[in-house]
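See below for the structure under consideration.
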Amino acid sequence: TTLALPCILLGLPSAESGQPQRPQVPPGGSNWKPSDRPVVCALSTQDLNSGLTPANLVTALLGPGVTVSNVTFTGANVAAGTFVGGTGIVGFENGIILSSGNIAFVPGPNTQDSTTADNGLPGDPDLDALIPGYTTYDACILQFDFECQNTQVIQFQYVFSSEEYNEWVNTAYNDVFAFFLNGVNIALVPGGNGLPVSIDNVNCGNPYNPPGGSFCNLFINNRCADLPPGTWPCAGVRDTEMDGLTVVLTATGTLNPGVNHIK
């Protein structure tokens with residue numbers, strides 16, 4: 001079973017203090033500004049306010065022959081949904097988006113440096129445990145039980161992206177993504193010896209300085225400040241508002257007999 005999941009996470013601030021602060025917006029608010037010129041977006045999104053349900057997201061992930069139960073979603077309705085038109089941008093045509101902001105901000109072009117939204121929701125202790133010293137906020141969590149007959153191994157493709165690139169790499173802010181299969185995170189940096197996928201673990205340095213940083217070979221820079229002529233808006237390397245993203249990564253997990261759990 002192959003799961004296509006671009007995971008777009010925006011703004012998981014840490015509990016540390018004494019560091020430069022990002023744009024401040026009220027709970028439920030954002031600083032996003034639409035482009036002032038006509039734009040035809042290749043990538044389009046549909047969130048849970050459109051009539052989609054968490055069960056629809058699970059259906060978009062799983063192939064035939066999978067029995068699903070106990071689907072739950074925790075997060076803001078604007079923070080999760082589906083997308084189409086991702087070929088040439090995230091690396092595959094369609095899938096789901098889980099975000100700590102608003103998925104409507106994902107389509108390009110890149111119009112500003114620090115697009116953010118505050119959904120006013122708590123983080124997740126399992127994510128906190130992956131990035132010691134940081135506290136997550138606005139966690140977006142999809143969970144379900146499933147059973148696959150005659151299947152022992154599952155794989156899913158995903159892309160991790162963030163507006164925190166590149167100016168907030170290795171600072172007081174750190175975005176992170178996890179794919180827990182029966183409680184074990186299988187969304188790991190290739191060759192990273194169990195390293196979780198976060199902005200501090202996949203980047204080309206701060207300031208941007210390839211091939212410096214951490215696993216720079218897995219990172220795609222899309223921040224206008226680091227691309228000629230260095231101003232916003234810009235076409236970017238990829239047609240998305242996000243300032244940076246990973247290449248397509250693959251998570252692989254071995255199933256237990258019977259019912260398994262995904263978070």
Do Asn94 and Thr82 come within less than 4.5 Å of each other through their side chains, counting heavy atoms only?
no
Kindly compute the distance separating CD1 (Ile141) from CG (Leu127), expressed to the nearest 0.5 Å.
7.0 Å
Within this structure, what is the CG-CG distance for the pair Asn256 and Leu181, rounded to the nearest 0.5 Å?
7.5 Å
Under 3.5 Å, is there a donor-acceptor pair between the Asp128 and Thr136 side chains?
yes
Strictly by modelled atom types, are Thr53 and Asn56 linked by a side-chain donor-acceptor pair under 3.5 Å?
yes
Measuring only between side-chain heavy atoms, which start at C-beta, is Asp113 closer than 4.5 Å to Asp243?
yes
Following the transitive rule for hydrophobic clusters with a side-chain heavy-atom cut-off under 4.5 Å over Ile, Leu, Val, Met, Phe, Trp and Tyr, establish whether Ile96 and Val248 coincide in one cluster.
yes
Do Asn182 and His261 pair up side chain to side chain, a donor and an acceptor below 3.5 Å, judged on atom types alone?
no
Check the orientation of Phe156 and Phe177. Use parallel for under 30°, tilted for 30 to 60°, and perpendicular for over 60°.
perpendicular
Between Asn209 and Gly212, is there a donor-acceptor pair closer than 3.5 Å when you use the side chain of the first and the backbone of the second?
no
Could you tell me the separation between the CG atom of Asn170 and the CG atom of Asp200, rounded to the nearest 0.5 Å?
4.5 Å
Using the six-membered ring wherever Trp is involved, compare the ring planes of Tyr173 and Trp168 and label them parallel, tilted or perpendicular (cut-offs 30° and 60°).
perpendicular
Any donor and acceptor pair, going by atom type alone, linking the side chain of Thr246 with main-chain N or O of Phe160 inside 3.5 Å?
yes
Side chain to side chain, Val197 and Val176, heavy atoms closer than 4.5 Å
no
Can you hop from Phe179 to Val247 via hydrophobic side chains spaced under 4.5 Å?
yes
Start with the C-alpha gap between Leu57 and Leu48, add the side-chain angles, then the distance that decides, and say whether side-chain contact (heavy atoms from CB on, under 4.5 Å) holds.
CA-CA 9 Å; Leu57 303 188; Leu48 294 180; 4.1 Å; yes
Evaluation steps, side chain to side chain donor-acceptor pair (under 3.5 Å), between Ser214 and Asn201:
CA-CA 6 Å; Ser214 177; Asn201 292 340; 5.1 Å; no
Under a 3.5 Å distance rule, please check whether Glu241 uses its side chain to pair with a backbone N or O of Gly108 as donor and acceptor.
no
Over all heavy atoms of both residues, which pair between Val159 and Val90 is shortest? Give the atoms and the distance, please.
CG2-O, 3.1 Å
Is the shortest side-chain heavy-atom distance between Val66 and Val58 below 4.5 Å?
no
Nearest non-hydrogen partners of Met242 and Asn222, listed with the distance
O-ND2, 2.9 Å
Apply side-chain contact (heavy atoms from CB on, under 4.5 Å) to residues Asn203 and Ile199 and explain how you reach the verdict.
CA-CA 6 Å; Asn203 60 74; Ile199 71 163; 5.9 Å; no
Does Leu218 share a hydrophobic cluster with Leu188, counting links as ILVMFWY side-chain heavy atoms below 4.5 Å and allowing steps through other members?
no
Is any side-chain heavy atom of Thr252 closer than 4.5 Å to one of Ile186?
no
If you compare all heavy atoms of Pro233 against all heavy atoms of Cys224, which two are closest, and at what distance to 0.1 Å?
C-SG, 4.3 Å
Asp226: what forms a salt bridge (charged side-chain N to carboxylate O under 4.0 Å, His left out) with it, not counting sequence neighbours?
Arg223
ILVMFWY network linking Leu227 to Ile89, side-chain heavy atoms under 4.5 angstrom:
yes
I need the Leu62 CG to Phe144 CZ distance, nearest 0.5 Å.
4.5 Å
Taking it one step at a time, do Gln157 and Thr250 satisfy side-chain contact (heavy atoms from CB on, under 4.5 Å)?
CA-CA 5 Å; Gln157 292 181 304; Thr250 301; 4.0 Å; yes
When every non-hydrogen atom of Cys234 is compared with those of Pro109, the smallest separation belongs to O-CB, 3.7 Å
Measure the spacing between OG1 of Thr135 and CG of Asn174 and express it to the nearest 0.5 Å.
11.5 Å
Verdict with reasoning, Asn260 to Asp145, per side-chain contact (heavy atoms from CB on, under 4.5 Å):
CA-CA 6 Å; Asn260 292 262; Asp145 295 326; over 6 Å; no
Without swapping roles, check the side chain of Asn166 against the backbone of Asn206 for a donor-acceptor pair under 3.5 Å.
no
In terms of heavy-atom contacts, Val106 and Thr240 come closest through O-OG1, 2.6 Å
Any side-chain heavy-atom pair from Asn221 and Cys204 closer than 4.5 angstrom?
no
Under 3.5 Å, is there a donor on one side chain and an acceptor on the other for Asp47 and Asn77?
no
Close side-chain approach of Leu130 to Asn185, heavy-atom, < 4.5 Å
yes
On a heavy-atom basis, which atom in Val71 and which in Leu142 lie closest, and how many Å separate them?
CG1-CD1, 4.4 Å
Hey, any chance Tyr158 and Ile220 share a hydrophobic cluster, counting ILVMFWY side chains that come within less than 4.5 Å of each other, even indirectly?
yes
Donor-acceptor contact below 3.5 Å, side chain Asn119 vs main chain Gly101:
yes
Side chains of Asp126 and Phe180 in contact at under 4.5 Å (non-hydrogen atoms):
yes
Look at the aromatic rings of Phe219 and Tyr165 and report parallel, tilted or perpendicular, splitting at 30° and 60°.
tilted
Distance, nearest 0.5 Å, that separates CG of Leu245 from CZ of Arg238:
6.0 Å
